[in-house]
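Report on the following structure.
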Amino acid sequence: MKYNLLTREFYNRNTLQVARNILGKRLVKIENGVRIGGLIVEAEAYRGEEDLGCHAKAGRTPRTEVMYGEPGHAYVYFTYGMHWMLNAVCEQKGYPAAVLIRAILPTDGIPVIASRRNSQPRKFWTDGPAKLCKALAIDGNFNAADLCAPGANLYIEQADPVPDWAVTTGPRVGFNNVPEPWLSIPWRFRVVPEFLD
DNA sequence: AGCACGATTAACT
DNA sequence: GTTAATCGTGCTC
């Protein structure tokens, strides 16, 4: 099997660059030899203990340890008592940072995704961070998994780049009690719908 | 040992 | 627009 994985160097740089450039790449999970996944169309950057929107604001804990580790690994965490979220660890080892994968456009394993998201119309299959984890059956077992390892069954692969005109930025979503400037800092990156037509 | 809260979602009114 | 579901994590006592 030939792989076209993003290299560890892709992840080993400023998290904002990774979040911008991970757009359009293909998130892939292999289940029993079957490819399941899609193009990443939305991502958010979280970096440093100073970033009060980032889990690493709590410092090094059992939960955040993965974010301090080698770039190119998965940081998968559980929240709201029922949801899993997938992140890719960024920047040099020792600096806590990650990119949250917030949405994908399904391209592979459509029948499997459909079966896991059957109660919803296609538009809503993978348009949220917990939804795409459910669609790809990603859970805590993938925390700390190496996305760059040859033979990895969860990885991100090369795909056509998304031009600047097709990318919009904005504030990260989902947190309430986060002070400025972290509340409004535009670290959310999104592919405009027109580019996907 | 107990508690408040969360990088959300789906199903309500 | 509002709210229940549901539990690991990190903080306080």
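Just so we're on the same page: letters track the sequence lines, and every chain starts at 1.
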Below 3.5 Å between N/O atoms, which protein atoms pair up with nucleotides 2-6 of chain B? Just atom names and distances, please.
residue, atom, partner, partner atom, Å
dG6(B), N2, Tyr80(A), N, 3.3

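Of the candidates dT9(B), dG10(C), dA7(B), dT9(B) carries the atom nearest the Pro129(A) side chain, counting heavy atoms from C-beta on. Residue Tyr46(A) places its side chain closer to dA7(B) than to any other of dG10(C), dT9(B), dA7(B).
A close approach under 4.0 Å does not occur between any side-chain nitrogen or oxygen of Arg117(A) and OP1 or OP2 of dT9(B).
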Worksheet entry | Audit row: Asn87(A), Tyr77(A), side-chain contact (heavy atoms from CB on, under 4.5 Å) steps and yes/no | CA-CA 8 Å; Asn87(A) 302 248; Tyr77(A) 71 90; 3.5 Å; yes
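With Arg116(A) contributing its side chain and Ala135(A) its backbone, the two residues share a donor-acceptor pair below 3.5 Å. Side chain of Arg172(A) to backbone of Ala45(A): a donor-acceptor contact under 3.5 angstrom is found. Judged by distance alone, the side chain of Trp125(A) and the main-chain N or O of Gln120(A) form a donor-acceptor pair under 3.5 Å. One N or O on the side chain of Lys29(A) and one on the backbone of Leu136(A) form a donor-acceptor pair closer than 3.5 Å.
A cation-pi arrangement, defined by a distance under 6.0 Å to the six-membered ring centre and an angle within 45 degrees of its axis, is present between Arg13(A) and Phe10(A).
Between Tyr155(A) and Ile30(A), the closest side-chain pair of non-hydrogen atoms falls below 4.5 Å. Side-chain atoms of Phe189(A) and Val99(A), non-hydrogen and from C-beta on, never get closer than 4.5 Å to each other. With contacts defined as side-chain heavy-atom distances shorter than 4.5 Å, the pair Val89(A)/Glu70(A) does not qualify.
Counting to the nearest Å, the C1' atom of dC7(C) and the CE atom of Met82(A) are 9 Å from each other. Taking atom CG on Asp127(A) and atom P on dA10(B), their separation rounds to 8 Å, with Å as the unit. Rounded to whole Å, the distance from NZ on Lys57(A) to P on dT9(C) is 15 Å. Here the P atom of nucleotide dT9(C) and the CZ atom of Arg60(A) are 17 Å apart, to the nearest Å. Rounded to an integer number of Å, the gap from Glu42(A) CD to dA7(B) P is 16 Å. The interatomic distance linking Trp125(A) (CH2) with dA10(B) (P) rounds to 14 Å, in whole Å. Whole-Å rounding puts the Arg63(A) CZ to dA7(B) C1' distance at 9 Å. Note: CD (Gln120(A)) to P (dT8(B)) measures 17 Å, nearest angstrom.
Map Ser119(A) and His83(A) each onto its nearest nucleotide of DNA chain B; the residue landing nearer the 5' end is His83(A).
Residues from residues 130-145 of chain A lying near DNA chain C, meaning a heavy-atom separation below 4.0 Å, are absent.
Nucleotide dT2(C): paired with dA11(B) (Watson-Crick or G-U wobble, both distances less than 3.5 Å).
On the P atoms, dA7(B) is 22 Å away from dG1(C), given to the nearest whole Å.
Heavy atoms of Met85(A) sit under 4.0 angstrom from primed sugar atoms or phosphate atoms, though from no base atom. Using a 4.0 Å heavy-atom distance criterion, Arg188(A) is classed as making no nucleic acid contact. Counting any heavy atom pair closer than 4.0 Å across all strands shown, Phe124(A) reaches no nucleic acid atom. In this structure, Arg172(A) reaches neither bases nor backbone, as no heavy-atom distance under 4.0 Å exists between it and the strands shown. Using a 4.0 Å heavy-atom cutoff across all strands shown, Gly53(A) reaches at least one base atom of the nucleic acid.
Around atom CD of Glu180(A), more than 12 heavy atoms belonging to other residues, nucleotides or ligands sit under 6.0 Å away.
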